[in-house]
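Single-structure report; data block below.
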4 protein chains.
Amino acid sequence: MIKVGIVGAGGYAGATLINILLRHPEVEIIWLMSEEAHKGKKINELYPHLNGQIDLACQTLDDLDKNLNSIDLVFLALPHGIAINYVPKIIDAGKKVVDLGADYRFSDNAIFKKWYGIEHTTKKYLDQAVFGLPELYRAEIKKTKLVGNPGCYPTASILGTAPLVKHGLIELDSIIIDAKSGVSGAGRGTSQKTHYCERNEGIEAYAVTTHRHMGEVEFQLSKVAGKDLAVTFVPHLTPMTRGILATIYAKAKKPTDGKQLTALYKDFYKGEPFVRILEGITPNTKYVSGTNFCDISVQYNEATGKIIVLSTIDNLVKGAAGQAVQNMNLICGFPETTGLKQITFYP
Amino acid sequence: MIKVGIVGAGGYAGATLINILLRHPEVEIIWLMSEEAHKGKKINELYPHLNGQIDLACQTLDDLDKNLNSIDLVFLALPHGIAINYVPKIIDAGKKVVDLGADYRFSDNAIFKKWYGIEHTTKKYLDQAVFGLPELYRAEIKKTKLVGNPGCYPTASILGTAPLVKHGLIELDSIIIDAKSGVSGAGRGTSQKTHYCERNEGIEAYAVTTHRHMGEVEFQLSKVAGKDLAVTFVPHLTPMTRGILATIYAKAKKPTDGKQLTALYKDFYKGEPFVRILEGITPNTKYVSGTNFCDISVQYNEATGKIIVLSTIDNLVKGAAGQAVQNMNLICGFPETTGLKQITFYP
Amino acid sequence: MIKVGIVGAGGYAGATLINILLRHPEVEIIWLMSEEAHKGKKINELYPHLNGQIDLACQTLDDLDKNLNSIDLVFLALPHGIAINYVPKIIDAGKKVVDLGADYRFSDNAIFKKWYGIEHTTKKYLDQAVFGLPELYRAEIKKTKLVGNPGCYPTASILGTAPLVKHGLIELDSIIIDAKSGVSGAGRGTSQKTHYCERNEGIEAYAVTTHRHMGEVEFQLSKVAGKDLAVTFVPHLTPMTRGILATIYAKAKKPTDGKQLTALYKDFYKGEPFVRILEGITPNTKYVSGTNFCDISVQYNEATGKIIVLSTIDNLVKGAAGQAVQNMNLICGFPETTGLKQITFYP
Amino acid sequence: MIKVGIVGAGGYAGATLINILLRHPEVEIIWLMSEEAHKGKKINELYPHLNGQIDLACQTLDDLDKNLNSIDLVFLALPHGIAINYVPKIIDAGKKVVDLGADYRFSDNAIFKKWYGIEHTTKKYLDQAVFGLPELYRAEIKKTKLVGNPGCYPTASILGTAPLVKHGLIELDSIIIDAKSGVSGAGRGTSQKTHYCERNEGIEAYAVTTHRHMGEVEFQLSKVAGKDLAVTFVPHLTPMTRGILATIYAKAKKPTDGKQLTALYKDFYKGEPFVRILEGITPNTKYVSGTNFCDISVQYNEATGKIIVLSTIDNLVKGAAGQAVQNMNLICGFPETTGLKQITFYP
């Protein structure tokens with residue numbers, strides 16, 4: 001049994017963390033922090049679905065110091081560039097951190113700066129951080145106290161592409177990721193882009209050549225490949241609340257077929273509790289909604305020599321809070337699937 | 001630990017039963033039955049979200065005899081008029097039944113016939129049946145082997161209205177229930193009415209003066225009132241997948257106020273694990289989606305003397321499979337909330 | 001051919017006005033005004049669907065004086081309490097006004113103050129204003145220069161109820177209006193209430209006993225009845241972009257039937273170009289989406305003696321901009337349906 | 001003024017044709033035909049939004065002979081392989097045909113057979129047919145009596161890709177089209193795939209390597225290129241009713257930039273009434289919903305050398321009925337935009 005605090009509890013990732021942790025038999029939520037405007041508000045005022053489930057009011061990061069002693073682990077769900085200011089203090093206090101933001105996802109300071117425009121002033125903490133994708137870094141995660149939890153698009157994209165890159169099956173300069181996300185990926189903050197009437201019954205691409213998650217995917221796939229590569233990544237805002245579908249295209253080095261590729265994916269993810277390789281059907285974001293699963297299928301277009309991978313996750317679970325809990329389980333020594341066995345309510 | 005079979009596993013209520021029971025620590029699902037067209041199909045072919053969760057193929061009701069010995073309890077999720085033909089055999093075999101259909105909801109044969117056009121030929125089994133609304137009939141449910149699980153609209157409507165009727169606060173001829181349901185209430189069967197393009201971006205009433213659930217609500221509220229009453233019940237097909245909101249109007253016998261009424265509701269449902277009385281906010285079907293909760297608020301329009309109750313459930317959970325499991329827990333002696341502590345993933 | 005200006009062009013009602021007027025053969029849009037933040041922006045920056053259709057930049061109300069001479073008529077689509085400050089000047093300049101806001105909907109200053117908390121300081125202009133519901137006030141509208149265009153809920157509610165009230169068929173204290181609105185009724189402004197993720201897959205009531213449109217409905221129905229009456233009005237936020245369905249309940253004074261009532265409605269709205277009385281089907285907001293129609297059906301619940309009317313409109317067209325153009329046609333002497341013959345694209 | 005008949009009036013393309021033609025000043029709809037089940041039904045029973053707009057009952061194709069004399073032009077909206085049996089007779093009777101199905105889209109019999117499994121027995125009529133994409137074949141369309149109206153995906157895909165192919169800017173083996181379609185593309189027929197509950201809140205790819213529209217795109221782009229090419233085409237079923245977004249990726253032969261490409265597209269589509277090249281924003285299917293526009297934007301990913309084109313249409317208008325009317329205008333000598341000036345109602 002561990003005690004945890006959640007920073008950024010008022011956002012969708014924070015709320016999803018609360019949902020999962022309330023069912024987790026080894027975790028007690030001790031405190032919640034959110035933005036200034038939420039100070040003093042009960043979390044179930046912000047999220048009425050939590051009525052009767054939890055009785056905590058929101059504090060702010062100003063209250064961090066006096067609250068550090070009461071917990072073993074902190075989840076940070078913050079806009080980029082903020083965690084940097086608090087992580088050293090938390091780690092120095094001997095606590096563990098799962099950071100759901102971008103600040104500790106890049107072991108290379110220069111690349112972080114390139115995409116986010118800020119830099120880590122002390123290498124010390126960055127060097128301890130492990131990229132929290134258990135399917136690639138399980139052993140390292142188990143040994144660290146500081147996890148940089150992957151972004152939502154990168155989780156779906158990297159899990160979908162890594163087997164091809166690892167086995168050298170594709171031309172590395174040919175990777176195209178056409179990603180479709182639900183609106184919750186934009187967070188709970190209000191803007192015209194998240195207005196119901198602007199989103200319903202319409203789909204559009206955005207940040208066509210500039211999305212920061214492109215950098216995260218490239219950085220990680222380059223590590224898998226053992227050499228630098230660039231990907232074409234185009235995100236799309238899709239009229240649904242949750243879910244990401246990454247449709248991944250790559251040129252096969254030599255002719256193959258769907259059966260062979262499927263076998264390879266099954267082997268690559270053998271024993272993985274949260275990756276399901278589908279055959280005979282295509283993944284639908286609905287199948288994984290509210291779950292920590294990544295559903296993947298792979299096919300081959302013979303006429304064009306392109307491999308097509310479909311990879312789906314729930315952006316708030318495997319793409320954020322669920323994976324964060326998976327990482328917490330790993331760094332705290334709990335069975336990896338604890339609290340994460342939820343399947344979706346369908347339909 | 002008990003063993004159960006599910007008849008009607010291919011429908012949405014059946015799929016929801018599977019979802020809940022897979023998490024239930026005291027239940028093992030032994031077999032599944034569905035319609036002829038599903039015979040021999042793995043359930044995860046019908047519901048790919050179940051991939052890796054359960055490995056059973058569908059049988060049909062023709063296989064019931066040879067499968068009865070292997071289980072302790074049967075869930076029936078069938079169109080009305082079919083359960084009648086199988087329940088006697090199951091009960092006679094010493095097994096328990098939770099029937100999610102309409103056949104055992106009416107203890108009065110004549111009223112059942114009035115609304116459904118068929119009748120029970122043997123009173124014997126009907127007399128054993130208890131209407132499975134634990135908030136009203138918990139003691140009786142615990143003692144029976146045959147539960148007639150309430151319909152979705154009636155669950156929301158009766159829970160929302162019963163306190164007013166019980167306390168004699170309203171004119172009994174003034175009850176109006178304006179109910180809004182998600183499309184899953186129409187089942188998984190295909191029809192033009194459930195076509196995405198016909199439903200999205202539109203709301204409409206249907207069966208304005210003839211919906212059978214009106215009979216169920218009237219029958220139950222009459223029992224609560226101790227005298228016959230009629231309700232005006234108008235269901236609406238709403239562009240969403242899950243959820244029911246019943247907006248209930250009734251003329252107060254004498255002036256009151258929202259505060260007083262809220263206190264009365266809180267008292268009426270004191271200790272109920274699945275009824276939440278809200279104050280200061282109105283219920284939203286999203287807050288209860290995927291859960292066994294019924295969220296209720298009550299207000300008073302001073303100028304017109306009308307009490308307005310808002311009552312929300314998930315039609316497939318508290319309105320079907322969740323309540324069925326709640327009833328199973330009661331008749332099998334498990335703690336009532338076992339397997340049902342799920343809160344919604346929000347948003 | 002007349003020249004018009006639109007104030008509030010950046011909102012949904014304003015955008016809908018532009019859409020309609022661009023097809024209107026007798027109108028030229030001369031200028032657009034919107035909020036400070038839109039100043040100088042091309043309207044097609046705010047609304048990219050207008051690309052290539054219109055080439056005007058937004059001004060603000062500060063620019064009204066210098067722009068008054070260039071037009072014959074002004075549409076005002078403003079939050080309540082603002083039009084009051086500009087209408088006298090526009091009328092005094094000899095121009096016509098169709099005000100889509102609430103300021104000129106109440107001929108009784110006291111009632112306006114009761115619901116909106118402000119009052120008209122000069123009776124002069126209020127006395128000229130006509131409530132812009134052509135089906136009730138066509139003759140008066142034709143003679144005025146100042147129209148108070150009805151609210152969206154009131155349009156659907158009054159058209160649905162007026163025949164019953166006018167013919168004295170119902171108990172006047174029994175009227176209940178359960179209204180379901182799409183999200184665009186809340187405007188284009190951003191708030192948590194209009195966030196896609198908060199609205200999709202959920203329905204909720206709001207302002208259960210306090211919505212200002214209740215006052216508008218009461219005021220108008222009282223005029224029809226010839227005596228004061230109060231209505232119970234509960235609005236619901238429905239997961240769709242456009243459309244209002246008002247489900248109206250009232251106690252019949254004596255037994256009747258659907259056929260008789262339908263005939264009465266057909267007679268009441270005989271010759272009306274925009275009211276369609278449906279038989280055999282229930283109205284769906286989809287059927288009127290993007291149109292100036294109000295579709296109505298009426299039924300009778302024999303067991304409870306309640307008449308049930310279903311009334312649907314597009315909240316932005318017949319509930320706002322379409323009706324405003326209908327009023328403009330009337331006060332400018334154009335055929336009433338000019339520019340308004342659009343039927344919906346279905347589905 | 002011409003007289004037309006519509007075959008397939010009960011489907012969504014047929015209904016959209018009716019909508020458009022009711023507003024067309026040069027067209028009178030003389031008769032409607034639909035499937036056997038609709039025989040004798042008034043079209044407004046099938047489509048209640050048409051109440052009061054048109055008073056025709058559905059006939060079937062069995063009634064074609066006796067109805068041919070009464071019209072000048074026939075629209076055929078039929079599943080593939082059926083038009084083949086009727087077109088000769090209609091052409092021989094001296095009437096014009098716009099066929100919205102696939103039967104006359106391929107001038108090469110072998111390729112039609114490859115993708116559709118059937119073949120034209122008489123070359124005579126096939127040789128007269130022109131592919132009805134006015135932006136590429138306007139001159140030919142004007143001279144023919146038989147138009148094979150393009151599919152929805154091909155319209156968006158070809159318009160988005162043709163400028164690159166025509167100007168030789170891309171590697172021809174690198175074209176990838178990731179297409180997202182609303183559910184109405186699947187037609188009005190019911191199936192589990194079009195059930196509201198199966199579609200809402202989920203996105204999935206389908207026919208990943210086998211969709212027949214891939215053949216249509218390849219055939220047409222090969223003609224533009226002057227040599228055979230193959231494309232990778234993956235369609236996705238998106239939770240919305242209308243609209244197609246094609247995200248098109250291709251490898252640039254040499255470095256370029258978005259500005260240059262945009263200029264090239266503007267030039268390519270100069271004077272086209274229904275193609276809008278957007279700058280500074282990305283197309284959204286909402287902007288073109290209900291209209292005959294194709295909105296396109298083009299960008300360049302410098303790091304990967306990929307050109308990314310976004311192309312949106314309304315699948316039922318520019319992707320079906322609108323383009324069919326555009327073709328009718330051309331072959332009948334009406335101004336090309338007659339009846340098609342509709343802009344979308346936004347939001």
Side-chain angles (χ1 to χ4, degrees), chain A residues 173-176 178 180-182 195-210 214 218 229-234 236-245 247 249 251 258 281-289 297-306 308 310 312 346-347, chain D residues 173-176 178 180-182 195-210 214 218 229-234 236-245 247 249 251 258 281-289 297-306 308 310 312 346-347:
Chain A
D173 64 353
S174 74
I175 302 170
I176 290 171
D178 187 291
K180 297 91 177 164
S181 173
H195 193 297
Y196 182 89
C197 302
E198 307 287 322
R199 293 270 59 79
N200 203 36
E201 281 295 307
I203 185 167
E204 69 179 44
Y206 66 103
V208 172
T209 60
T210 58
M214 184 150 51
E218 286 177 356
L229 59 81
V231 303
T232 302
F233 173 83
V234 179
H236 297 76
L237 210 39
T238 307
M240 57 189 193
T241 296
R242 307 170 78 104
I244 283 177
L245 165 59
T247 308
Y249 302 87
K251 175 86 183 153
I281 60 161
T282 50
N284 183 317
T285 56
K286 272 182 96 73
Y287 303 153
V288 297
S289 183
S297 80
V298 55
Q299 297 186 54
Y300 182 66
N301 183 321
E302 208 182 314
T304 63
K306 298 288 193 308
I308 299 147
L310 301 162
T312 53
Y346 193 91
Chain D
D173 64 351
S174 74
I175 302 170
I176 290 171
D178 187 291
K180 298 91 177 163
S181 172
H195 193 297
Y196 183 90
C197 301
E198 307 286 321
R199 292 271 59 80
N200 203 37
E201 282 294 306
I203 185 168
E204 69 179 42
Y206 67 102
V208 172
T209 60
T210 58
M214 184 151 51
E218 285 177 356
L229 60 80
V231 304
T232 302
F233 173 82
V234 179
H236 296 74
L237 209 39
T238 307
M240 57 190 193
T241 295
R242 306 169 77 104
I244 283 178
L245 165 59
T247 308
Y249 303 87
K251 175 85 183 155
I281 61 161
T282 51
N284 182 318
T285 55
K286 272 182 96 72
Y287 303 152
V288 296
S289 185
S297 80
V298 55
Q299 298 186 52
Y300 181 66
N301 183 320
E302 209 182 313
T304 63
K306 298 288 193 307
I308 299 147
L310 301 162
T312 53
Y346 192 91

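Residue numbering restarts at 1 for every chain, and letters A, B, ... go by the order of the sequence lines.
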Could you pull out all residues at least two apart from A/Glu204 that satisfy salt bridge (charged side-chain N to carboxylate O under 4.0 Å, His left out)?
A/Lys193, A/Arg199

Is there a side-chain contact (heavy atoms from CB on, under 4.5 Å) between D/Asn301 and A/Met214? Walk through the geometry before answering.
CA-CA 11 Å; D/Asn301 183 320; A/Met214 184 150 51; 3.9 Å; yes

Flag the one option from A/Gly182, A/Gly243, A/Ala205 with the top tally of heavy-atom pairs under 4.5 Å to chain D.
A/Ala205

Non-hydrogen atoms of chain A under 4.5 Å away: do they reach the side chain of D/Pro283, the backbone, both or neither?
backbone

Working note: D/Thr304 + A/Val231, criterion side-chain contact (heavy atoms from CB on, under 4.5 Å); need CA distance, chi angles, decisive distance, verdict.
CA-CA 7 Å; D/Thr304 63; A/Val231 303; 5.7 Å; no

Chain D interface, residue from A/Thr285, A/Ile175, A/Thr210, A/Val288 that has the most non-hydrogen pairs under 4.5 Å
A/Thr285

Please name the pair of heavy atoms, one in A/Cys197 and one in D/Pro347, separated by the smallest distance, quoted to 0.1 Å.
O-CB, 3.5 Å

Heavy-atom pairs under 4.5 Å with chain D: which of A/His236, A/Lys251, A/Glu218 has the most?
A/His236

Assert top hit (heavy-atom pairs under 4.5 Å, partner chain D, pool A/Met240, A/Arg242, A/Gln299) equals A/Met240

Identified side chain to side chain contact (heavy atoms under 4.5 Å, CB included) partner of A/Lys180 from the options D/Ile203, D/Thr238, D/Leu245:
D/Ile203

With distance as the sole test, does A/Glu201 use its side chain to make a donor-acceptor pair with the main-chain N or O of D/Thr241 at under 3.5 Å?
yes

Evaluate the criterion salt bridge (charged side-chain N to carboxylate O under 4.0 Å, His left out) for residue pair A/Asp173 and D/Lys306; output intermediate values, then yes/no.
CA-CA 10 Å; A/Asp173 64 353; D/Lys306 298 288 193 307; 6.0 Å; no

Chain A contact via D/Ser297 - side chain, backbone, both or neither, heavy atoms under 4.5 Å:
neither

Given the rule in the side-chain contact (heavy atoms from CB on, under 4.5 Å) test, do D/Thr209 and A/Glu302 qualify, once you have shown the distances and angles that lead to the verdict?
CA-CA 8 Å; D/Thr209 60; A/Glu302 208 182 314; over 6 Å; no

Heavy-atom distance under 4.5 Å to chain A: side chain of D/His195, backbone, both or neither?
neither

Is A/Tyr300 close to chain D through its backbone or its side chain, or both, or neither, when contacts mean heavy atoms under 4.5 Å?
backbone

Could you report the tightest heavy-atom contact between A/Ala303 and D/Ala230, atom names first, then the distance?
O-CB, 4.1 Å

Provide the closest heavy-atom pair for D/Lys286 versus A/Asn200 in the form atom of the first, atom of the second, distance.
NZ-O, 2.8 Å

D/Thr282, D/Thr232, D/Thr247: which one forms the most heavy-atom pairs within less than 4.5 Å of chain A?
D/Thr232

Measuring heavy-atom distances to chain D, does A/Ser174 have an atom under 4.5 Å in its side chain, in its backbone, in both, or in neither?
backbone

Would you check, one step at a time, whether the test side-chain contact (heavy atoms from CB on, under 4.5 Å) holds for D/Tyr249 with A/Val234?
CA-CA 10 Å; D/Tyr249 303 87; A/Val234 179; 3.4 Å; yes

